[in-house]
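Take a look at the structure below.
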Amino acid sequence: MHKGIFRTLSCYAPDGQSGPMNEANTIDMEIIILANSVKHHQHCVAGKCTTSRQWVRPVSNTNGAELSHEQAQCQNPHGTFNVKPLQKIIMNFSAHAPLAHQPENYVIDGVAWRQNYKITENELNQYLDQPSDIWGNTDRVNHALILSGQIPIGQSLYLIAVDNLNLYKNQYDRRRASFSYRGTNYDFAVTDPNFDRITQNNETIKGIICVSLGEEYQGSCFKLVATVF
């Protein structure tokens with residue numbers, strides 16, 4: 001890993017207020033990766049700023065598009081690799097590009113990402129969110145109601161500790177996760193690329209998941225389990 005060569009970075013304010021800008025007039029952040037999930041056979045990366053603990057979702061354009069394999073890579077002294085959950089990554093962005101259903105979106109500027117150490121799974125508790133519910137009690141949110149402001153989305157990502165987490169495939173061979181959170185039962189699609197490895201090897205899981213509100217599809221934004229810890 002890099003040894004102390006990066007300065008500590010603060011995060012650009014999501015409300016558009018001034019933030020740390022480098023000489024190229026782009027936004028610098030250090031992010032703890034909490035998801036690198038599958039989106040259109042490419043990558044949806046998300047994490048929290050190490051200083052403010054605010055969520056950040058790097059996207060390839062202002063419409064919130066996914067990242068390519070190359071865009072979701074980072075450099076460290078051993079080479080260039082896809083980013084993984086728990087890594088601390090230095091990123092640069094050209095602009096904050098919030099959408100009604102995904103206010104944390106930031107457009108990448110093409111500068112290579114750099115790895116700067118990592119955290120352990122035992123440190124995840126420091127980054128947990130505690131929402132009262134997960135955007136309601138179903139597996140989706142009506143997109144029109146989000147756009148009209150009737151269902152405001154303050155954040156579209158949560159890292160939460162859940163109970164009775166069960167990973168399974170349904171009758172259509174779709175990857176799913178059932179769990180309970182604050183007394184409510186949920187069942188969401190899973191986009192964690194490690195799903196098969198975890199289930200086939202019967203790996204022990206902590207019961208901490210990253211959940212995300214996906215893009216609009218047939219009038220709804222579906223709720224997804226992006227990472228299983």
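For the pair H101 and H143, the minimum side-chain heavy-atom distance is below 4.5 Å. Side-chain contact between Y181 and P131 is present, with heavy atoms from C-beta onward closer than 4.5 Å. A heavy-atom distance below 4.5 Å is not found between the side chains of D133 and T184. Residues D187 and N185 have side chains not in contact (no heavy-atom distance under 4.5 Å, counting atoms from C-beta outward). In this structure, the side chains of N122 and K206 come closer than 4.5 Å at one or more pairs of heavy atoms.
The ring pair (Phe, Tyr, Trp, His ring centres under 6.0 Å) test applied to H41 returns no partner, not counting sequence neighbours. Every side-chain hydrogen bond (donor to acceptor under 3.5 Å, both in side chains) that D196 has, sequence neighbours left out, goes to R175.
Using cut-offs of 30° and 60° on the angle between ring planes, the pair Y106 and F93 is tilted.
Screening residues 145-174 for ring-ring contact (aromatic ring centres under 6.0 Å, His included) gives W135-Y158 as the qualifying pairs, with residues at least two apart or on separate chains. Applying the ring-ring contact (aromatic ring centres under 6.0 Å, His included) rule to pairs touching residues 201-229 yields nothing, sequence neighbours excluded. Listed by first and then second residue, the salt bridge (Lys or Arg N to Asp or Glu O under 4.0 Å) pairs that reach into residues 96-105 are R57-E104, sequence neighbours excluded.
Taking hydrophobic clusters as Ile, Leu, Val, Met, Phe, Trp and Tyr residues chained together by side-chain heavy-atom distances below 4.5 Å, F188 does not share a cluster with L157.
Membership of an apolar cluster is not assigned to V38, as no side-chain contact below 4.5 Å to another ILVMFWY residue is traced.
In this structure, P58 and I108 approach most closely via the heavy-atom pair CB-CG2, 3.8 Å.
The CG atom of L213 sits 7.0 Å away from the CD atom of Q102 when rounded to the nearest 0.5 Å. Between the CE atom in M29 and the CG atom in N92 there is a gap of 10.0 Å [rounded to 0.5 Å].
A donor-acceptor pair shorter than 3.5 Å can be found between the side chains of T50 and E30.
In this structure, the side chain of D192 engages the main chain of N194 through a donor-acceptor pair within 3.5 Å. The backbone N or O of V83 lies less than 3.5 Å from a partner atom in the side chain of N36, making a donor-acceptor pair. Although no hydrogens or angles enter the test, the distance criterion places no donor-acceptor pair under 3.5 Å between the side chain of N105 and the main chain of V59. The closest donor-acceptor contact from the side chain of D129 to the backbone of L159 lies under 3.5 Å.
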